[in-house]
There are 2 protein chains.
Amino acid sequence: MTNSLSITLDRTSPVPLYFQVAQQIEAMIDAGTLPAGHRLDNEIQLADQMGLSRPTMRQAIQHLVDKGLLVRKRGVGTQVVHSMVKRSVELSSLYDDLALASKRPTTTVLNMARVPAEDDVAVALRVPPGTEVVHLQRLRCAQGEPLAIMHNWLPDGLTDLTVERLEQRGLYEMLRAAAVHMRVANQRIGARAATLAEAKLLHERRGAPLLTMSRTTYDDNGRAVEYGSHVYRATLYTFEIALVER
Amino acid sequence: MTNSLSITLDRTSPVPLYFQVAQQIEAMIDAGTLPAGHRLDNEIQLADQMGLSRPTMRQAIQHLVDKGLLVRKRGVGTQVVHSMVKRSVELSSLYDDLALASKRPTTTVLNMARVPAEDDVAVALRVPPGTEVVHLQRLRCAQGEPLAIMHNWLPDGLTDLTVERLEQRGLYEMLRAAAVHMRVANQRIGARAATLAEAKLLHERRGAPLLTMSRTTYDDNGRAVEYGSHVYRATLYTFEIALVER
DNA sequence: GACATCAGAATGTCCTGACAAAGTCTTGAC
DNA sequence: GTCAAGACTTTGTCAGGACATTCTGATGTC
């Protein structure tokens, strides 16, 4: 039961020790080496086994608790969560998600232009109405089938967008490459019926149910760096969210 | 700029010190005493001001960073997040959410029975197919308008459900009162068209877009304690989610 | 046999101390 | 005037220790 974890630490690495530990434990959970319900040794023993202090070991465990992979109970111990919880929705883009799931995502840029901000966009980006912003409209496909229509608005001058790179990399990767540090986002998920134009693009019938998601993303200065308003084919896409009570 | 926070600590209280600090800072942010963008003193000064150690002060700040209220940058400092981010989706029920928003929620129990678990329910609750489980069907209204049809399945013997209390309190409050410690949940949000029966109950037309949410909730032993499959009127309900990059 | 009490085990909280890394700003050289 | 190097500030990481709180299980009593 109290399996001594085989974890190797590299103290010369710039990667924090607690993170090295967390990553390797996560890998073992994914691989099934640590099955659901498995009880870990107590923090002090674990720390001793790896030659770490208890706070560092705690930090590693806490990281995985926050991720929803482990559960701690005072007086009892730490257990691997008994569920195949999907990774929680993270600050990632649809492109990243699809690429990870190896769904062969492709993107077509339908529109890219500088436009004056409409009221809703201006509110979301916290700029005066009418300010010039960059507007993007893209069609995202997975495995050849159209999946989503994506509208994005960005403050002007944030980064140089090119059609080629957008189609090859996705918006979020471009922003990250431009040293934009996205920190918090506010998502709203809803549903509505497809308009005729949307239906044509998505190979659906008019009135077909679509999943809608609008999101405003802020960087670490609190500046809004992106506002997106997307629709997804409900038959092909769902959002998965893991919730952890702390 | 570097405003000395007026925070009172009660060291005799069972409430952890870091939590007392976090709560009071949060209250000041909500009240506007700490406006968006305000820079806090550095951790060491704050800790000194309150007579705390730096780790405790850090824990308080970290708590608020996780909640998306503060942002830290190494070499720079800690700032109040510059956005009116809604509180993130938490392990709460629709009833709680509505009650909080004072939307006068009402519930009608349409069905309550012990039934053998169908395959999908059995998988979600991790019981053998055919096991007796409690099934609930409820209609949730807000301000007199029908809002959602909710199907729930619970393992048998978890708690004594009564129609009256379900209609007055909501399922989650009953579970909490029965000492069920809900810890993690797995949500899936999608959309589909309303069936005829659903349309009638919800005062919508057949084929109208509905928001769907299915959720499995686990307690701190990893046992599945509830599986729910709900549909919401897309015109009346959306999910709000706040994401914080750590 | 059922229930209360107590010891043990594990995490939760809090402390002090130290060094590393990253960002900002000033200083200085060219 | 511009750019780079270095000082300074601030958070990030890590160590080791102490006591509190909570849960489990065993012990003992009625």
Side-chain angles (χ1 to χ4, degrees), chain A residues 1-2 7 9-23 38-66 70-81 179-181 183 219-221 244-246, chain B residues 1-2 7 9-23 25 38-66 70-81 179-181 183 219-223 245-246:
Chain A
M1 163 109 1
T2 59
I7 284 185
L9 295 176
D10 177 4
R11 281 178 180 273
T12 67
S13 160
V15 178
L17 292 175
Y18 82 88
F19 198 78
Q20 292 184 35
V21 174
Q23 273 190 319
H38 181 93
R39 246 197 21 238
L40 268 59
D41 285 349
N42 70 55
E43 300 175 343
I44 299 175
Q45 284 177 29
L46 285 174
D48 283 349
Q49 287 164 24
M50 315 188 187
L52 293 172
S53 71
R54 189 178 160 219
T56 304
M57 194 61 225
R58 268 183 76 76
Q59 200 176 357
I61 293 175
Q62 187 61 47
H63 189 80
L64 295 176
V65 170
D66 288 344
L70 297 178
V71 172
R72 292 203 276 202
K73 276 193 290 184
R74 188 193 305 207
V76 180
T78 307
Q79 278 186 314
V80 177
V81 145
V180 174
H181 297 78
R183 268 314 241 290
D219 72 359
D220 41 17
N221 288 314
V244 182
E245 186 85 351
R246 264 192 287 269
Chain B
M1 159 113 356
T2 58
I7 284 185
L9 295 178
D10 178 3
R11 282 181 178 271
T12 67
S13 160
V15 178
L17 293 174
Y18 83 89
F19 198 77
Q20 293 183 36
V21 175
Q23 272 189 319
I25 294 180
H38 180 95
R39 244 196 24 236
L40 268 58
D41 285 347
N42 71 54
E43 299 174 344
I44 298 175
Q45 283 176 31
L46 285 175
D48 282 350
Q49 286 165 25
M50 313 187 189
L52 293 173
S53 70
R54 190 181 160 218
T56 304
M57 193 60 225
R58 268 183 75 77
Q59 199 176 358
I61 294 175
Q62 186 60 49
H63 190 80
L64 296 175
V65 169
D66 288 345
L70 297 178
V71 172
R72 293 202 275 201
K73 275 191 289 184
R74 187 190 311 205
V76 180
T78 306
Q79 278 186 313
V80 177
V81 142
V180 175
H181 297 80
R183 269 307 245 289
D219 72 0
D220 42 17
N221 289 314
R223 267 189 336 186
E245 185 84 350
R246 268 190 286 267

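Convention: sequence-line order gives letters A, B, ...; per-chain numbering from 1. Everything numeric here is computed off the predicted structure, so don't read it as measured data. For the numbers below, each heavy atom of this structure counts, side chains included, while hydrogens, waters and symmetry mates do not.
- Checked against C/dT13, C/dC14, C/dT16, the side chain of B/P55 finds its nearest nucleotide in C/dT16.
- Rounding to whole angstrom units, CD of residue B/Q45 and P of D/dT10 are separated by 6 Å.
- Picking from C/dT13, C/dT16, D/dG12 the nucleotide with the shortest atom distance to the side chain of B/S53 gives C/dT16.
- Comparing C/dC15, D/dC14, C/dA18 against the side chain of A/L17 picks out D/dC14 as the nearest.
- The CD-C1' distance, from A/Q59 to D/dG16, rounds to 15 Å in whole Å.
- Listed here is the closest heavy atom pair of B/V76 and B/R39: O-NE, 4.2 Å.
- Within the 4.0 Å cut-off from OP1 or OP2 of C/dC15, at least one side-chain nitrogen or oxygen of B/R11 is found.
- Looking at the side chain of A/N42, the nearest of the listed nucleotides C/dT13, D/dT11, C/dA10 is C/dA10.
- Taking atom NE2 of residue B/H63 and atom P of nucleotide C/dC14, one finds them 12 Å apart after rounding to whole Å.
- Comparing atom distances between the B/T56 side chain and each of C/dT13, C/dC15, D/dT11 picks out C/dC15 as nearest.
- For B/R74, whose side chain is taken as the heavy atoms from C-beta onward, the closest listed nucleotide among C/dC14, D/dT11, D/dA18 is D/dT11.
- With distances taken from any side-chain atom of B/R54 to the nucleotides C/dT13, D/dT13, C/dC14, the minimum falls on D/dT13.
- To the nearest angstrom, P of C/dC14 lies 15 Å from CD of A/E43.
- For the pair A/T78 and C/dA10, the criterion of a side-chain N or O lying under 4.0 Å from OP1 or OP2 is not met.
- Closest heavy-atom contact between A/L9 and A/V21: CD2-CG2, 3.7 Å.
- Put simply, CZ on A/F19 is 22 Å from P on C/dA20, counting in whole angstrom units.
- Shortest non-hydrogen contact noted between B/L70 and B/V80 is CD2-CA, 3.8 Å.
- As rounded to whole Å, 19 Å separates atom P of D/dT9 from atom CG of B/L40.
- Where B/P14 and A/L52 each meet DNA chain D at their nearest nucleotide, the meeting point lying more 5' is that of A/L52.
- Comparing atom distances between the B/V76 side chain and each of C/dT24, D/dT13, D/dG16 picks out C/dT24 as nearest.
- Considering all non-hydrogen atoms of both residues, B/Q20 and B/V15 come closest at NE2-O, 2.9 Å.
- If you take CD1 of B/I61 and P of D/dT11, they are 7 Å apart, rounded to a whole angstrom.
- Without hydrogens or angle criteria, B/E43 side chain to B/M57 main chain gives no donor-acceptor distance under 3.5 Å.
- Checking the phosphate oxygens (OP1, OP2) of D/dT13, a side-chain nitrogen or oxygen of A/Y18 falls inside 4.0 Å.
- Across all non-hydrogen atoms, the minimal contact from A/A22 to A/A60 is CB-O, 3.9 Å.
- For B/R58 and D/dG12, the shortest distance from a side-chain N or O to OP1 or OP2 is below 4.0 Å.
- We find that CG of A/D48 is positioned 13 Å from C1' of D/dG17, with the value rounded to whole Å.
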